[in-house]
Amino acid sequence: MRHFPIFVDMDRAHVVLSGGGDAALAKLRLILKTRARVTVHAAHPAAELRNWATQGRLTLTDAPLNAGALAGATLVYAADEDVRRDARTAALAQAAGVLCNIVDDLDGSAFITPAMVDRAPLTIAIGTEGAAPMLARKIKAELEERLPAATAALTRAAQAFRPEAEALPHGRARREFWADWFDHEGPAALAAGSDLPDALRDLRDRHLAGWTRAARITLSFTGSPDPDLMTLKARKALAAADVVVHDAAIAPAVLELARREAKFVSLSGTPEVPPLHALLAGETRGGAHVLYLGATSLPQTLVAACRATGIDTQIIPGLPAQDTAELRETA
């Protein structure tokens, strides 16, 4: 990983940009979505830039950028679209200890601006190290389709409710509350036109009263070390599970898809004590969602034994090793 993703607090930031043409406008349209203080140095600013200055959205000056102008700056953009001028801006920023981005110059930049999906306060940044900008745009478009604009309303309501949600215990109780909000209760409240803060309080009170979703076991398998060859449903189950019980042969890249807070139980290949179905059932204590991820097809005896415990058991078919090998050959 060459570029480490961070989120800069733009409410307290001062952004300095040199340039007044198309490259400057493209960056400023994004920066002006924030509440950063923006100063632009441009001898010949575009009309749109002058309008923003008239509206008070930024400070515009025709003075050339100098070292004094960078005092207190958080980020600098070199957008003059001239190699010498941009290099001079970058040199001034480096001397002042301020991160600088030269538009369309990956190697000369101390940071890059990724493609973004904006559902503020939810923001998703997508970067490809400059290798494939069109891929980043494709992923951005796909995520925007999957995250309707209504996601922003659910997230804003959740953000405002966080102090009240602290009445819930830390850990899984609070995670389950938020999972219920974003997966079930929130979308339903939004669709019904309900007051979102009231819906959140009702859901919190139900969780405080001890309401939880029933414990469940999910059984799945994958014959490939490549996480991209897992079924989508299995990937979702892995990302949501509280406990992941897995064969030792499951690749680390696959397990990376699980939540960081999940409990992992690796089966060494020796006989389990207790038997596997009993181990899975035991891990559901307190209403946990337990996923067993095998490296080979699921034995019917395991499925029957899990169901015999009375715990809700879901089966997610996987792809055996020979099928994943065929997929790689035909790709």
Side-chain angles (χ1 to χ4, degrees), residues 1-134 136-137 140 152 156 159:
M1 182 191 300
R2 177 179 174 185
H3 292 93
F4 186 78
I6 61 171
F7 287 83
V8 178
D9 182 357
M10 298 300 274
D11 282 4
R12 295 181 290 182
H14 177 203
V15 177
V16 177
L17 183 145
S18 180
D22 290 341
L25 291 173
K27 292 300 181 185
L28 287 167
R29 290 188 187 104
L30 186 61
I31 295 166
L32 290 177
K33 289 185 176 183
T34 75
R35 289 184 284 193
R37 182 163 61 93
V38 180
T39 302
V40 177
H41 293 256
H44 305 288
E48 188 173 1
L49 207 163
R50 290 197 299 270
N51 288 338
W52 288 333
T54 301
Q55 295 165 9
R57 300 180 66 187
L58 54 80
T59 299
L60 177 62
T61 175
D62 60 3
L65 186 67
N66 57 38
L70 297 181
T74 308
L75 299 174
V76 174
Y77 282 91
D80 278 296
E81 302 177 76
D82 178 275
V83 174
R84 290 184 179 179
R85 289 181 182 176
D86 288 340
R88 179 178 179 275
T89 297
L92 286 170
Q94 185 176 17
V98 183
L99 294 176
C100 179
N101 171 268
I102 303 176
V103 177
D104 293 331
D105 183 350
L106 179 70
D107 292 330
S109 298
F111 75 96
I112 58 175
T113 304
M116 297 182 197
V117 177
D118 183 6
R119 297 290 185 266
L122 171 65
T123 306
I124 301 173
I126 307 155
T128 65
E129 304 281 6
M134 289 307 299
R137 292 174 192 171
K140 168 182 164 70
R156 284 194 298 270
Q159 182 181 42

**Complete:** Closest heavy-atom pair, A67 versus L92, reported as atoms and distance to 0.1 Å, is N-CD2, 4.1 Å
**Request:** Report, as yes or no, whether the 6.0 Å neighbourhood of atom CG on D82 holds more than 12 heavy atoms from other residues, nucleotides or ligands.
**Result:** yes
**Asked** Is the backbone N or O of V15 less than 3.5 Å from a side-chain atom of T74, with the two atoms forming a donor-acceptor pair by type?
**Response** no
**Asked** To the nearest 0.5 Å, what is the distance between CG (L32) and CZ (R57)?
**Response** 4.5 Å
**Request:** Drop me the distance from K140's NZ to M116's CE, to the nearest 0.5 angstrom.
**Result:** 9.0 Å
**Asked** So, do D105 and D86 sit near enough that their side-chain heavy atoms are less than 4.5 Å apart?
**Response** no
**Message:** For a quick test of reading the model, state the closest non-hydrogen atom pair linking V16 to A69 and the distance between them.
**Reply:** CG2-O, 3.9 Å
**Asked** Within a reach of under 6.0 Å around CZ of R29, are more than 12 heavy atoms found that belong to other residues, nucleotides or ligands?
**Response** yes
**Asked** Run the side chain to side chain contact (heavy atoms under 4.5 Å, CB included) check on V103 and E81 step by step: do they pass?
**Response** CA-CA 8 Å; V103 177; E81 302 177 76; over 6 Å; no
**Smallest separation among heavy atoms of I102 and A90, with atom names** = CD1-CB, 3.7 Å
**Request:** Would you confirm whether T123, through its side chain, and A120, through its main-chain N or O, come within 3.5 Å as a donor-acceptor pair?
**Result:** no
**Prompt:** If you take all heavy atoms of H3 and L106, which pair is closest and at what distance?
**Reply:** CE1-CD1, 3.6 Å
**Prompt:** Is it true that D80 and K27 make a salt bridge, defined as a side-chain N closer than 4.0 Å to a carboxylate O?
**Reply:** no
**Message:** Quick test of your reading: applying side-chain hydrogen bond (donor to acceptor under 3.5 Å, both in side chains), list the pairs with at least one residue in residues 109-118, sequence neighbours left out, ordered by first then second residue.
**Reply:** Y77-T113
**Prompt:** CZ of R88 to CG of L65: how many Å apart, nearest 0.5 Å?
**Reply:** 6.5 Å
**Which atom of F7 lies closest to which atom of A125, heavy atoms considered** = CZ-CB, 4.4 Å
**Asked** Is the side chain of H41 donor-acceptor paired with the backbone N or O of T61 at a distance under 3.5 Å, no angle test?
**Response** no
**Rounded distance (nearest 0.5 Å) linking atom CG of N101 with atom CG of L75** = 9.0 Å
**Request:** Evaluate whether atom CG of D104 has more than 12 neighbouring non-hydrogen atoms of other residues, nucleotides or ligands under 6.0 angstrom away.
**Result:** no
**Asked** Within the distance-only criterion (no hydrogens, no angle test), does the side chain of R50 pair as donor or acceptor with the backbone N or O of P45 below 3.5 angstrom?
**Response** yes
**Request:** Calculate, to the nearest 0.5 Å, the distance between atoms CD and CG belonging to Q94 and L70 respectively.
**Result:** 12.5 Å
**Message:** For the CZ atom on R12, are there more than 12 heavy atoms of other groups (residues, nucleotides or ligands in this structure) within a distance under 6.0 Å?
**Reply:** no
**Request:** Would you name the heavy atoms of I112 and P114 that are closest together and state the gap between them?
**Result:** O-CD, 3.6 Å
**Asked** What distance separates L17 CG from L58 CG, expressed to the nearest 0.5 Å?
**Response** 9.5 Å
